[in-house]
Amino acid sequence: MTGKAVLAFSGGLDTSVVVKYLQEEHDMDVVTVTVDVGQGEDSRAVHSKAKKLGVKKHHTIDARKEFVAKYVIPSIKANALYQKKYCLATALARPLIAQKMLEVAKKEGATALAHGCSGKGNDQVRFDITLRSGSALPIIAPIRDKNLDRTTELAFAKRHGINIESVAKKYSIDQNLWGRAIEGGVIEDAYKEPPSEAFIWVKTKNLPDRPAYVEIEFAGGVPVRADKIRGAQEIIQYLNKKAGGAGVGIIDHIEDRVVGIKSREVYETPAALCLIEAHSDLEKMVHTSHQNRFKGMVDEQWAHLAYSGLWQDPLRADLDGFINESQKSVSGTVRLKLYKGSMRVVGRKSSKSLYIRDTATYGAESTFDQRLAVGFVELWGMQSTEANKLQKKRSKKI
Ligand code: ARG
């Protein structure tokens, strides 16, 4: 297949191998796209890596603002933690990167789209479905198509004089401003503690002896201030540093991938964990018990769609409609305590609060007449107590 391929390029092992593969096996011109979603990589360095590999053209697109506004903030509103743990950093960035690829492909008159995903992970699902939703061009995924493994890729890279950083030789890493995923190598032993060298954002040694506090303010479900810092992107960067410095933000769990494989996943996500913990705590204060229970189900479904590559499914927009409506009352301030790797909410306040101290108090000033509870409890438990009584009666008869 000759022609022009647009490739999502990170400068890492997989995508570098793909450039050479497209050029040599397919005799294609390669146009690379690097989308900046806050991975903190020097864009000039990635550009020169691409040029060294002989690409025809390289595009750098700064999509950090869009990533935060259209992907990260909706995920905070949805308290999105896949399997109660993973903040979806990679999962949220993929549809955006694929969207940018489509824009470049149109501009460049590309004849194919390419990515460096393997056939074992979730990223192929996310890329393919977004690309398919916007284009009929063929998708080339050489790592998947050729069933390549990392050892073979490293040997291929060496043969082609592709320079791979030493950390990439040990782990497969994907990062953006919402989180850092570390996979592969020694981490694949599910019982073994990840070595501290795997962590960059979260301090694991010599942690401060004094707790740190952070005050996070939300308006309509959106974080608008953390201590003195304003603006969602700045807040995320600030919390990654502050909570990471207190040892907060490591996740280690067994994850169910879309393709059926279970994997041991390790993440560094200090800001995401703080913001979601604070946001969901505030929701509990301002929402009724019925809203809380129902939203929990919606949140879980939202995280599942985002994780499993179904960002484009109309159901996500439907859920966003509900979630956005529910956020109107989610304004207030939450205080978190960060200490030697632990994080917990130690206070919250809101002008929309449904917490009424006068009714909740055990003190003499209570305005709640306890005598009302007797009838309520009787009716509340009526079916359950009757069912038990009947069961006992019937079992006696047998
Ligand atoms: N398991 C996570 C996900 O599916 C992280 C994937 C990270 N990718 C990587 N190449 N390390 O979203």
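Order of appearance sets the numbers: ligands from 1, and atoms from 1 within every ligand. Worth saying up front: this structure is predicted, and the values here are computed from it rather than measured.
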* Give a yes or no answer on whether the side chain of Gln175 reaches the backbone of Gln39 with a donor-acceptor pair at less than 3.5 Å. => yes
* With the threshold set at 4.0 Å, does a side-chain nitrogen-carboxylate oxygen contact exist between Glu255 and Lys262? -> no
* Asked: Quick check, are the ring centers of His160 and Phe156 under 6.0 angstrom apart?
  -> yes
May I ask you to list the atoms of ligand 1 that are less than 4.0 angstrom from any heavy atom of [X]?
X: Arg126; result: 3 (C), 4 (O), 12 (O)
X: Glu265; result: 1 (N), 2 (C), 5 (C)
X: Asn122; result: 3 (C), 4 (O)
X: Ala181; result: 5 (C), 7 (C)
X: Tyr86; result: 2 (C), 3 (C), 5 (C), 12 (O)

* Closest to atom 5 (C) of ligand 1 (judged by heavy-atom distance), picking from Tyr82, Tyr267, Tyr171 -> Tyr267
* **Option of least heavy-atom distance to atom 8 (N) of ligand 1 (set: Glu255, Arg180, Glu183)** => Glu183
* Pick one: which of Trp311, Tyr82, Phe322, Tyr71 meets ring pair (Phe, Tyr, Trp, His ring centres under 6.0 Å) with Trp302? -> Trp311
* To do: Using the side chain to side chain contact (heavy atoms under 4.5 Å, CB included) rule, take Val19 and Thr15 through it: C-alpha gap first, then chi angles, then the decisive distance, then the call.
  => CA-CA 6 Å; Val19 173; Thr15 55; 5.8 Å; no
* **Co-members of the apolar cluster containing Phe368 [side chain, <4.5 Å]** => none
* Asked: Where on Asp123 is there a heavy atom closer than 4.0 Å to ligand 1, on the side chain, on the backbone, on both, or on neither?
  -> side chain
* Asked: Does an N or O anywhere in Ser172 fall below 3.5 Å from an N or O of ligand 1?
  -> yes
* Could you walk me through whether His253 and Tyr86 pass ring pair (Phe, Tyr, Trp, His ring centres under 6.0 Å), step by step? => CA-CA 8 Å; His253 84 143; Tyr86 167 42; 7.0 Å; no
